[in-house]
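Computed from a predicted model, the values in this text were never measured in an experiment. Every chain is numbered from 1 and lettered A, B, ... according to where its sequence line falls, protein lines coming before strand lines.
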2 protein chains.
Amino acid sequence: MRIRTATDLGAFIRERRTKLGMDQIALAKKAGTSRKWLVEVEQGKPGAEIGLILRTLKSLEISIEVEADSPVETPSQGKAKAPDINSVLDSLKKRPLKKQI
Amino acid sequence: MRIRTATDLGAFIRERRTKLGMDQIALAKKAGTSRKWLVEVEQGKPGAEIGLILRTLKSLEISIEVEADSPVETPSQGKAKAPDINSVLDSLKKRPLKKQI
DNA sequence: CCAAATAGTAACCGTACGGTTACACTTTGT
DNA sequence: ACAAAGTGTAACCGTACGGTTACTATTTGG
C-alpha cells in the first residue's frame, strides 16, 4: 500500500493489527510505547515520531520501501544521460575527513 | 530501498536530495521545515515527526510502500490459500458488527 | 441485568522536538 | 588570497509529543 499521509499509515497499522488478532495494549507493549500513542497514530497523528512508528511496523512485521519516483531530473542537460557522471562526482565530493589544524 | 531505521531514511533522503541538485535550504523550504531539522533527519534522528517526513519525501518525489511481511499466519503450503478464513474468524471474534438494540 | 474486554477521550506533566539565530569548518570559484 | 556556498553545530525558547492514570462508550457473554 502506498503511504501519502499519516492517516494512510494509521489505517494500515490498524488493519494489520486487527488481522493479527492483537489489541492496542498488546501492540503498544510489543512496540515499547503506550496505548494512548497507538490510538492517536491509528487516527493519523502527523506528529508521531518516526522512531516509534518504525518500532510499531516492525512489531507488526510490516516492511517499508521507499523509491524515487523519477530516475533523475536533468533539466536542460539534453538527452545524453548515460553514465550519470554528475551523481558520481557529487557523491565523491562528500565531506571526506575532518581535518584538524 | 528498504527502511528499517531512521538512519536508513536519512541516508536515502540525503542521497535523493543531492541527486536532484538541491541544497538543504532549498529542500527545507520546499518541505516547509527548517534546515536544522533537515540536518538532524539526514543524520537519522528517530524523534522526527512523521508528518514532516512525509512532506519531505513528497518534495523529493519519493514514494513509500508498506507491506505485511507474512500474509497473516504463514500457511506452510502456499498453494491455494483459501479465502483467509483465519482473518475472517478473527475479525468476527474480535469486534464483529454493530448490532442494534 | 451485570461483568469483562476493547477502544476513545481527558487531564496533568516532564521532556524534547522544531524554529530561529549565530558561528565554525570545508570546498569551490574568482 | 579572498569571498561565497554548503554543511555541521551550539544556544535559547515556545510548544506539543509521549507516558500515566482515570473515566467513558460499545459490544460480548454469563
Sidechain-backbone polar pair: B:Glu65 side chain, A:Met1 backbone, donor-acceptor under 3.5 Å
yes
From the list C:dA11, C:dG19, C:dA7, which nucleotide is the closest neighbour of the side chain of A:Arg14?
C:dA7
Residues of residues 43-51 of chain A with any non-hydrogen atom less than 4.0 angstrom from an atom of DNA chain D: list those, numerically ordered, please.
A:Lys45, A:Gly47, A:Ala48, A:Glu49
Looking at A:Gly44 and A:Ala6, what are the two nearest heavy atoms and their distance?
O-CB, 3.4 Å
Checking A:Lys30 now: which residues fulfil salt bridge (Lys or Arg N to Asp or Glu O under 4.0 Å) with it, not counting sequence neighbours?
none
Please state how far atom CG in B:Leu38 lies from atom P in C:dT20, giving the value in whole angstrom units.
14 Å
Counting side-chain heavy atoms from C-beta on, which of C:dG18, D:dT9, C:dT6 comes nearest to B:Thr33?
C:dG18
Give a yes or no on whether the backbone of B:Ile25 and the side-chain of B:Arg35 come within a donor-acceptor separation of less than 3.5 Å.
no
Just how far, in rounded Å, is C1' of C:dG8 from CD of A:Glu42?
11 Å
How many whole angstroms separate atom NZ of A:Lys36 from atom C1' of D:dT24?
17 Å
Residue list, salt bridge (Lys or Arg N to Asp or Glu O under 4.0 Å) with A:Arg55, at least two apart or on another chain
none
Correct closest heavy-atom pair for A:Thr5 and B:Leu54 would be C-CD1, 3.5 Å
When the distance from CD of A:Glu15 to P of C:dA7 is rounded to whole Å, what number comes out?
15 Å
Rounded to whole angstrom units, what separation is found between the CH2 atom of A:Trp37 and the P atom of C:dG14?
23 Å
Is A:Ile25 touching bases, backbone alone, or none of the nucleic acid, heavy atoms closer than 4.0 Å?
nothing
To the nearest 0.5 Å, tell me how far B:Gln24 CD sits from B:Thr18 OG1.
10.5 Å
Reckon A:Arg17 has a side-chain N or O less than 4.0 Å from the OP1 or OP2 of C:dA7?
yes
Whole angstrom is fine here: how far is it from CD in A:Glu40 over to C1' in C:dA11?
13 Å
Mark yes or no for a side-chain to base donor-acceptor pair under 3.5 Å between B:Arg35 and D:dG8, with no hydrogen or angle criteria applied.
yes
Provide, to the nearest angstrom, the distance between the CD atom belonging to A:Gln24 and the C1' atom belonging to D:dG19.
15 Å
